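Quick notes on the structure that follows.
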Number of protein chains: 2
Amino acid sequence: MNKNIKVTISDIAREAGVSKMTVSRVINDASNVAKKTRTKIQKLIKEMDYQPNLIARSLSNKRTMTIGILVPKREKIFLDNYIAQILAGVSEIIKKHDYRIMLFPIDIEDDSGYVSIVRGNLIDGLILLKISSDDTWINSLAEIDFPFVFVNHRREDEKFNFVDSENKKGIKLAVDYLYSLGRRDFAFVAGSMNETNGVDRLNGFKEALKDKKLIFNDEWIIKGEFNKDIAFENSAKLFIKKKKPDAIICSDDYMAIGVIDRIIKEGFRVPQDFSVIGFDDIEIASYINPALTTIRQPLHELGVRAASILLNIINKRNVNTVHEFLEVELIKRDSC
Amino acid sequence: MNKNIKVTISDIAREAGVSKMTVSRVINDASNVAKKTRTKIQKLIKEMDYQPNLIARSLSNKRTMTIGILVPKREKIFLDNYIAQILAGVSEIIKKHDYRIMLFPIDIEDDSGYVSIVRGNLIDGLILLKISSDDTWINSLAEIDFPFVFVNHRREDEKFNFVDSENKKGIKLAVDYLYSLGRRDFAFVAGSMNETNGVDRLNGFKEALKDKKLIFNDEWIIKGEFNKDIAFENSAKLFIKKKKPDAIICSDDYMAIGVIDRIIKEGFRVPQDFSVIGFDDIEIASYINPALTTIRQPLHELGVRAASILLNIINKRNVNTVHEFLEVELIKRDSC
DNA sequence: GTATATAAGGAAATCGATTTATATGAATAA
DNA sequence: TTATTCATATAAATCGATTTCCTTATATAC
């Protein structure tokens with residue numbers, strides 16, 4: 001009884017005295033098989049412990065039932081909580097439809113890996129997380145009509161599907177809230193200008209100030225990356241001049257944490273001296289001290305929607321390009 | 001110029017006026033191809049933008065260059081930071097060897113999904129994270145000689161490979177440290193007894209008390225799950241009696257956070273009234289207030305080792321079963 | 001009673017690579 | 001000079017399913 005010799009469809013067909021085609025019909029629950037035949041084959045499949053070779057199936061029917069997820073690999077930990085939450089949403093949907101997830105952590109510079117995977121017919125579709133705007137290869141994906149969806153990356157182009165959050169609105173919520181608390185001197189710690197996220201949030205900030213007829217102080221716009229340590233470094237200059245802001249809006253939660261560290265280091269207090277507000281509502285946000293007030297992105301839902309849209313495209317249930325913006329929400333905690 | 005008609009190896013062979021075999025040799029960098037022929041074929045591959053179909057390749061050579069990772073799906077977020085760190089380590093190694101990662105979030109009850117994947121020849125090997133001890137199907141994996149490695153799951157059996165941390169030693173480090181701080185009344189908040197992690201840490205605790213000749217108080221052993229909320233609930237009874245412990249060792253960091261929440265809720269202070277110590281050193285540990293003293297598991301390294309061992313098994317570079325224990329380390333912060 | 005669906009099933013081609021076995025001419029060894 | 005090796009290359013089989021295209025018998029419609 002050598003368990004290592006795999007039973008194939010031919011073995012079942014031979015034992016059952018039918019053609020492979022008939023066995024295939026039974027496996028795939030297709031019609032044109034008599035009840036009696038079907039039962040006999042099903043029994044044999046169990047007895048002989050047959051399991052279809054999924055690779056062979058994929059080669060033949062040209063679908064792998066696998067979707068790829070491109071995850072940017074930054075620093076040591078490529079899966080921060082932001083990405084984990086989106087992944088959870090994606091996973092929830094695709095599992096329902098019997099798809100699988102293939103994970104591709106990619107270095108930002110190195111774009112060679114994913115190409116061979118897409119072109120190598122290994123996946124049926126792709127979800128792209130946190131892609132910077134200037135990636136050259138994305139156009140080639142669209143050219144070959146490969147199904148893919150951006151998450152949190154606005155790309156207003158008929159060729160591209162995306163699910164994004166209402167970034168501008170989120171920042172406006174933040175400004176309104178801080179304004180209602182009596183704050184009038186706003187600083188903004190911006191994320192990468194290579195991500196639409198970063199750009200949109202900064203623009204939202206500028207618009208919100210204009211709406212409120214507040215002075216826009218260019219020195220209080222700190223540019224940088226979506227990165228705690230960089231935010232910690234760059235935000236230092238907010239505290240050297242005599243005139244300081246009283247509210248600091250950050251482009252994401254990790255950055256807000258960096259800014260709070262900086263504030264503490266400079267000997268000030270949050271929220272007494274400075275209100276700080278983040279964006280995303282990652283897991284840590286509620287754990288830190290003071291607990292972080294933030295704009296919650298529906299990360300899980302973002303994943304859910306992206307997966308649903310992708311499956312629609314793959315299964316041709318959708319013809320139109322999808323540009324979707326999900327609602328954000330102000331989460332009040334202790335940092336304002 | 002229809003980009004959707006894929007170029008195959010046959011197309012290249014025809015254009016080059018050679019057999020498919022020769023093209024295959026060029027693709028795989030094999031010998032027995034004249035330099036001139038090789039150059040000509042390489043040129044054609046570029047010109048015609050040929051990319052091998054990886055599914056076809058897998059069917060033929062019976063390797064998918066993909067390893068699967070079984071991740072338990074608990075609550076809403078299946079990827080907590082603990083798992084993310086391990087994954088980062090795994091990813092680092094397998095990418096170097098041109099393997100890919102397929103992620104399988106599984107519900108603890110439902111064991112049907114992974115079987116078809118393993119048996120369906122979709123992956124070359126499997127890494128199992130946080131598997132409970134009583135899974136029935138694992139034996140069937142061993143029976144068919146499928147390569148797999150446990151992470152953080154001790155299974156002292158010649159059939160199984162694993163990489164684990166020195167759990168007992170970690171708890172002993174914790175006890176020693178707390179003892180050196182003058183603590184003498186130890187409580188232990190245990191994780192699931194279905195995971196060897198949980199069992200080993202509890203046993204480590206008992207042994208450490210014995211070593212130190214401290215009284216073992218059964219009421220101060222709180223059993224539960226590796227879960228913050230459950231720890232919060234169950235640890236309540238540590239604080240109702242007059243005689244309370246002065247040090248609380250927790251089976252993981254999330255639990256420690258739950259216990260600290262409980263302590264605060266009961267109106268006590270950490271570390272003044274109670275020293276609390278966790279296990280793992282997840283990302284949040286350093287962010288909370290007070291920053292959590294904990295036993296660091298080399299999570300990233302755990303992933304690195306698991307991947308290396310698995311690749312060795314897959315490529316038959318290793319005959320012996322591997323049972324590996326990695327060093328843990330005391331990280332002193334503010335909760336003790 | 002004949003024409004036409006419909007159900008049941010099979011044979012061969014196919015998916016796109018690799019593996020295996022074989023052939024040929026040139027270089028080297030005996 | 002003959003035998004052997006080596007480099008180069010090919011044809012055919014193979015991997016294990018599905019797809020496509022038939023065939024046959026039976027049921028239904030007209």
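All values below were derived from every heavy atom in this structure, side-chain atoms included, with hydrogens, water molecules and symmetry-related copies excluded. Quick caveat: nothing in here was measured; it's all calculated off a predicted structure.
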Write down the protein N/O and nucleotide N/O pairs, taken from nucleotides 7-13 of chain D, whose separation is under 3.5 Å; answer none if there are no such pairs.
residue, atom, partner, partner atom, Å
D:dA9, OP1, B:Thr37, OG1, 2.8
D:dA9, OP2, B:Ala34, N, 2.7
D:dA9, OP2, B:Thr37, OG1, 3.3
D:dA9, N7, B:Arg25, NH1, 3.3
D:dT10, OP2, B:Ser19, N, 2.9
D:dT10, OP2, B:Ser19, OG, 3.2
D:dT10, OP2, B:Thr22, OG1, 2.6
D:dT10, O4, B:Arg25, NH2, 3.1

Please list, by residue number, the residues of residues 50-63 of chain A whose heavy atoms come closer than 4.0 Å to an atom of DNA chain C; answer none if no residue qualifies.
A:Leu59, A:Ser60, A:Lys62
Among pairs that include at least one residue of [range], which meet salt bridge (Lys or Arg N to Asp or Glu O under 4.0 Å), considering only residues two or more places apart or in two chains?
range                       : answer
residues 84-93 of chain B   : none
residues 298-307 of chain B : B:Arg305-B:Glu324
residues 50-63 of chain B   : none

By side chain to side chain contact (heavy atoms under 4.5 Å, CB included), which residues pair with [X], not counting sequence neighbours?
X        : result
B:Ala34  : B:Thr37
B:Thr64  : A:Ile55, B:Ser58, B:Thr66, B:Asp124
B:Glu156 : B:Arg154, B:Phe162, B:His323, B:Phe325

Apply ring pair (Phe, Tyr, Trp, His ring centres under 6.0 Å) to residues B:Phe148 and B:Phe146 and explain how you reach the verdict.
CA-CA 6 Å; B:Phe148 66 99; B:Phe146 188 82; 7.4 Å; no
A:Lys46 side chain vs A:Ile41 backbone, donor-acceptor pair below 3.5 Å
no
Inter-end axis angle, the helix from C:dG1-D:dC30 to C:dA30-D:dT1, with every axis fitted to five base pairs (rounded, 10 degrees)
30°
Distance under 4.0 Å to a non-hydrogen atom of chain A counts as contact; along DNA chain C, which nucleotides mark the start and end?
C:dA7 to C:dG16
Under the side chain to side chain donor-acceptor pair (under 3.5 Å) rule, what pairs show up with a residue in residues 13-34 of chain B, not counting sequence neighbours?
B:Asp11-B:Arg14, B:Ser19-B:Thr22, B:Ser24-B:Asn28
Are A:Asp49 and B:Arg119 ion-paired here, with the side-chain N under 4.0 Å from a carboxylate O?
yes
Once salt bridge (charged side-chain N to carboxylate O under 4.0 Å, His left out) is applied, do any residues pair with B:Lys43, and if so which ones, sequence neighbours excluded?
B:Glu47
